[in-house]
Amino acid sequence: MARILVGVKRVIDYAVKIRVKPDKTGVVTDGVKHSMNPFDEIAVEEAVRLKEKKIASEIIAVSCGPAQSQDVIRTALAMGVDKGIHVEVSGKEYETLQPIHVSKILAKIAQNEKCDMVILGKQAIDDDANQTAQMTAAVLDWPQAVFASKIEKGENEITVTREIDGGLETIKCKLPAVISADLRLNEPRYATLPNIMKAKKKPITKTTPKDLGVDVAPRIKIVSVEDPPVRQAGVILPDVDALVAKLKEGGHVP
Amino acid sequence: MSLRSKVITLYKNLLHLGKDWPTGYDFFRHRLHKAFTKNKDVNDPEEIKKLIKHGEFVQKEIEALYMLKKYRTLKRRYNIGNNSPQQIRKPYKA
C-alpha cells in the first residue's frame with residue numbers, strides 16, 4: 001500500500017478577472033476570491049481514487065503559503081485526503097517563493113512522511129511555471145512521470161500515459177516516483193458541504209521552511225508586472241480590393 | 001433523519017453550491033428560496049420524498065455544470081487537446 005503526497009496551491013480563482021496593481025509590483029489579491037489550483041484538484045482526485053481502489057493507504061496534502069492556504073488544505077481534506085501539512089510562508093517571502101523552494105520543501109516532507117508517490121498538478125494557473133514536479137523529482141532523485149493522463153499501478157511500478165505533443169506516450173517507472181497531473185487525468189469531485197463539515201475533524205499540522213531546513217531566501221527580484229498588450233480594434237473594409245491592399249501593406253501576402 | 005431535516009440539509013447544501021454560481025450568490029439564493037417556498041404546502045410524505053429526489057438531482061447537475069465550466073475554461077486557456085496527430089504538421093521528408 002502506497003503513501004501519497006499531494007501538493008495543493010492556493011491561487012486566484014480561475015473565473016476571476018486578474019488586475020495588476022497600479023505600482024506594478026504584482027497583481028491585486030486583496031478581497032479577491034481564491035481557490036485550489038484546478039490542476040492540483042485533479043492531483044488530489046487521482047490520489048483519492050487510488051485510495052478508493054485500495055492502492056493507497058494514506059494521502060497527505062501539503063500547501064506552502066500564508067495562513068489562508070489552510071482553506072485549500074481543508075478543501076483537499078473534504079475531497080478525501082487524510083491529513084494536511086501547512087508550511088507557513090508569508091508576506092515578502094511568499095511573493096518571491098519559487099518552484100525551487102517549494103520542490104525542496106515537498107521533497108523534505110516526502111522523505112519525512114515516507115511517501116511512495118508524489119502527485120502534483122502540472123502547473124499552477126497563477127504563475128504557470130510548470131516546474132515544481134520536475135524539480136521535486138530531481139531533488140529526491142526519483143523517476144518523474146509528468147503530464148499524466150492515466151495512471152495504472154503494477155507490483156512495484158506504475159504505468160503512466162503522458163500527454164505529449166502530437167499524441168500520447170506510455171511509460172513505466174519504478175516507485176517511488178513523482179507524477180504531475182494533466183487536465184484529462186480525471187474529473188475532480190466537488191467538495192460538498194457535508195464533506196467540508198466532516199473534514200474539520202481531520203488534522204492539519206503546521207510547520208515552517210526553517211523547521212524543514214529549507215532556505216527560502218529569494219532567488220529572484222520582481223522588476224515589474226504589467227498587463228498583456230490590449231488587442232487592437234479591427235476595421236471594416238468596403239470591398240475585396242481594399243482588403244488585398246491592406247494585406248499587402250501589412251506584408252501578410254506577397 | 002426526518003423529512004423536515006432532510007429538506008433543510010438539501011437547502012443548505014444547495015445554498016453552499018450557490019456561492020460559486022456564475023451570475024452571483026444573490027441571484028441563486030432568491031431563485032432557490034422561491035423554488036422551496038413554492039412547495040411549502042406539500043404535506044404528502046411520498047410527494048416530499050419525490051421533491052427531495054429532484055433537489056438532489058439538481059445538486060448533481062450543478063456540480064457537473066461547475067466541473068464542465070472549469071474544464072472548458074482551462075482547455076481553452078491552455079490550448080489543451082490541440083495536439084492530435086492530424087493537426088500537427090508532418091515532418092519534412094526529403
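Proteins come first, then strands; the chains are lettered A, B, ... in the order of their sequence lines, and each starts at number 1.
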#### Entry: Minimum-distance pair of heavy atoms, taken over all atoms of B:H16 and A:A191
NE2-O, 3.7 Å
### Query
To the nearest 0.5 Å, how far apart are NZ in B:K70 and CG in A:L183?
11.0 Å
### Query
Counting only heavy atoms not in A:K33, do more than 12 sit closer than 6.0 Å to its NZ atom?
yes
#### Entry: Side-chain (B:R77) to main-chain (A:Y14) donor-acceptor, under 3.5 angstrom
yes
#### Entry: Heavy atoms of other groups near A:R19 CZ, more than 12 under 6.0 Å
no
### Task
Check whether any side-chain heavy atom of B:L74 sits under 4.5 Å from a side-chain heavy atom of A:I125, and report yes or no.
yes
### Query
With a 4.5 angstrom heavy-atom cut-off, which part of A:D13 approaches chain B: side chain, backbone, both or neither?
neither
### Query
What do you reckon, is NZ of B:K50 surrounded by more than 12 foreign heavy atoms closer than 6.0 Å?
no
### Message
Can you tell me if A:K153 has over 12 outside heavy atoms packed within less than 6.0 Å of its NZ?
### Response
yes
### Query
In terms of ring plane angle, is the pair A:Y190 and B:Y66 parallel, tilted or perpendicular, where the classes change at 30° and 60°?
tilted
### Message
Could you measure the distance from the CG atom of B:L14 to the CG atom of A:L193? Nearest 0.5 Å is fine.
### Response
10.5 Å
### Message
Distance check, rounded to the nearest 0.5 Å: A:R184 atom CZ versus B:K75 atom NZ?
### Response
6.0 Å
### Euclidean distance, A:E41 CD relative to B:M67 CE, rounded to 0.5 Å
10.5 Å
